[in-house]
Amino acid sequence: MKIDGRHYRTIFPDAGGTSVQVIDQTRLPFAFELQRLATMEDAARAIRTMVVRGAPLIGVTAAYGLALAMREDSSSEGIEQAVATLAATRPTAINLRWALDRAASVLRGVPDNERAALAFEEAARIADEDVASCRSIGEHGARILSDIAVAKGGRIDVLTHCNAGWLATVDWGTALAPIYVAHDAGVPVHVWVDETRPRNQGAALTAFELNAHGVPHTVIADNAGGHLMQHGQVDLCIVGSDRTTASGDVCNKIGTYLKALAAHDTRVPFYAALPFSTIDWTLNDGVAEIPIEERDAREVTHLTGLTEDGGFATVQVVSPGSPVANPAFDVTPARLVTGIITERGVAQASPEGLLGLYPERRKPA
Ligand SMILES: CSC[C@H]1O[C@H](OP(=O)(O)O)[C@H](O)[C@@H]1O
């Protein structure tokens, strides 16, 4: 999407095609900085430290990380070592493993000296497919928003959690893609933006995106969403996903489950938007089976922001010495999900609903 009128993707190869540039999302919204990834370790570090984040984007970054690794060691051992290192960076988003498996499968059957170029080509294909998938999610989801706005006879108020915008993908986003498409088509849309503690991806990244695109929005404390739903101020919720099971359970940023509970209690439709690469067809019970990343306590105990004089500062916000837990995701059971918006259309959050969109995944009788 655009920043100061200039179009960007979140990740793109350098002119020489031997390294990649990413937007450093740890510096947003107060500074726009690009970071060059020249080695596999650069890519792994960028994922670990959330310079890049968001399920589809970390998958594409991992694919480019494998390509960078092939420039260093294109042996079969080099492939396996790079896959193992990159796969270990973050455990929850299935896109990471999906992209690595796809890219590695292309490399194993070719001569070593062809692997680097082929790996860069495959990473670029995955990136381009992500853009097309997210654009399509936007089209399918925008119809839902438009129908609600017409039925309501006015502005539609959408609540979203964390950042599932173009910064979480290569372009367009997942949960925000329908909002961009509807807004650009003239549908009156307003977005309630959950700040999303502890890393504030909503307050920092979703707000940054919506500001840049001119979409009306209001940043709220995470705990305000249920109250707004009780008072009829939310017409629907749309969130992203880091891993969705074959049964329609949706794993997403911590706090999503609580929003889904409030939406269920107040009869507010609750949608998850995600591309095919986020569906884990091997799992059915998301609560029991999806690995939940536990991140550093410092993400909870400290906050980094802009000082009054325009500098960056980090402050402690938790009583010194108190133990901290920091699970980064939770799982919303399919029974709380109204529908799943994909690049192929909108499905019920159920095995049959998803198989209806992806019949090739149906197991032979
Ligand atoms: C389109 S996937 C976005 C998804 O990823 C975020 O997690 P993180 O910022 O930790 O990578 C969050 O769960 C978003 O919904």
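For ligands, and for the atoms within them, numbers begin at 1 and follow the listed sequence. This one's a predicted model, so the numbers in the text were calculated from it and none came from an experiment.
Close approach of ligand 1 to Q201 is summarised as follows: ligand atoms under 4.0 Å from at least one heavy atom of the residue are 8 (P), 9 (O), 10 (O). Each of the following atoms of ligand 1 lies closer than 4.0 Å to a heavy atom of S241: 2 (S). Distances below 4.0 Å separate heavy atoms of P56 from the following atoms of ligand 1: 1 (C), 2 (S). Ligand-side atoms of ligand 1 in range of R53: 6 (C), 9 (O), 11 (O), range being under 4.0 angstrom from any heavy atom. Under a 4.0 Å criterion applied to the non-hydrogen atoms of R90, ligand 1 contributes the atoms 8 (P), 10 (O), 11 (O). Counting the atoms of ligand 1 from 1 in the order shown, those under 4.0 Å from a heavy atom of A168 are 1 (C), 3 (C). Ligand-side atoms of ligand 1 in range of M50: 8 (P), 9 (O), 10 (O), range being under 4.0 angstrom from any heavy atom.
Below 3.5 Å of separation, one finds an N or O of G54 facing an N or O of ligand 1. Note: no N/O pair closer than 3.5 Å links T169 and ligand 1 by distance alone.
The protein non-hydrogen atom at the shortest distance from atom 12 (C) of ligand 1 is C162 SG, 3.4 Å. Nearest protein heavy-atom neighbour of atom 4 (C) of ligand 1: D242 OD1, 3.5 Å. Taking atom 2 (S) of ligand 1 as the reference point, the nearest protein heavy-atom neighbour is A55 N, 3.3 Å. When hydrogens are left out, the protein atom nearest atom 15 (O) of ligand 1 is N252 OD1, 2.5 Å; that is the closest non-hydrogen contact.
Aromatic rings of F270 and H264 (six-membered ring for Trp) have centroids beyond the 6.0 Å cut-off, not under it.
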Legend entry - From CA spacing to verdict: side-chain hydrogen bond (donor to acceptor under 3.5 Å, both in side chains), S19, R36: CA-CA 7 Å; S19 58; R36 181 170 174 267; 3.1 Å; yes
Legend entry - Trace of the side-chain hydrogen bond (donor to acceptor under 3.5 Å, both in side chains) decision for E209 with N163: CA-CA 9 Å; E209 285 194 33; N163 172 256; 3.0 Å; yes
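Figure legend: cation-pi geometry between R295 and F329 absent, as NZ or CZ is not positioned both under 6.0 Å from the six-membered ring centre and within 45° of its axis. Geometrically, K2 does not engage Y8 in a cation-pi contact defined by less than 6.0 Å to the ring centre and at most 45° from the axis.
Between the choices D130, T196, T174, N163, the shortest heavy-atom distance to atom 3 (C) of ligand 1 belongs to N163. Comparing R243, K253, Q25 against atom 10 (O) of ligand 1, the shortest heavy-atom distance belongs to K253.
Salt-bridge formation is not detected for the pair D24/R27: no Lys NZ or Arg NE/NH1/NH2 atom is positioned less than 4.0 Å from an Asp or Glu carboxylate oxygen.
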Under 3.5 Å, sequence neighbours excluded: what are the donor-acceptor pairs made by side chains of residues 223-240?
| from | atom 1 | to | atom 2 | distance (Å) |
| --- | --- | --- | --- | --- |
| D235 | OD1 | K152 | NZ | 3.4 |
| D235 | OD2 | K152 | NZ | 2.6 |
| D235 | OD2 | D157 | N | 2.7 |

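Heavy atoms of A328 found under 4.0 angstrom from ligand 1: none, in either backbone or side chain.
Results of the side-chain contact (heavy atoms from CB on, under 4.5 Å) test with W281 over L355, I94, T245 single out L355 as the only residue that passes.
Note: the hydrophobic cluster containing L167 also contains V131 (ILVMFWY, side chain heavy atoms under 4.5 Å, direct or indirect links).
Smallest separation of non-hydrogen atoms from A325 and P327: C-CD, 3.6 Å.
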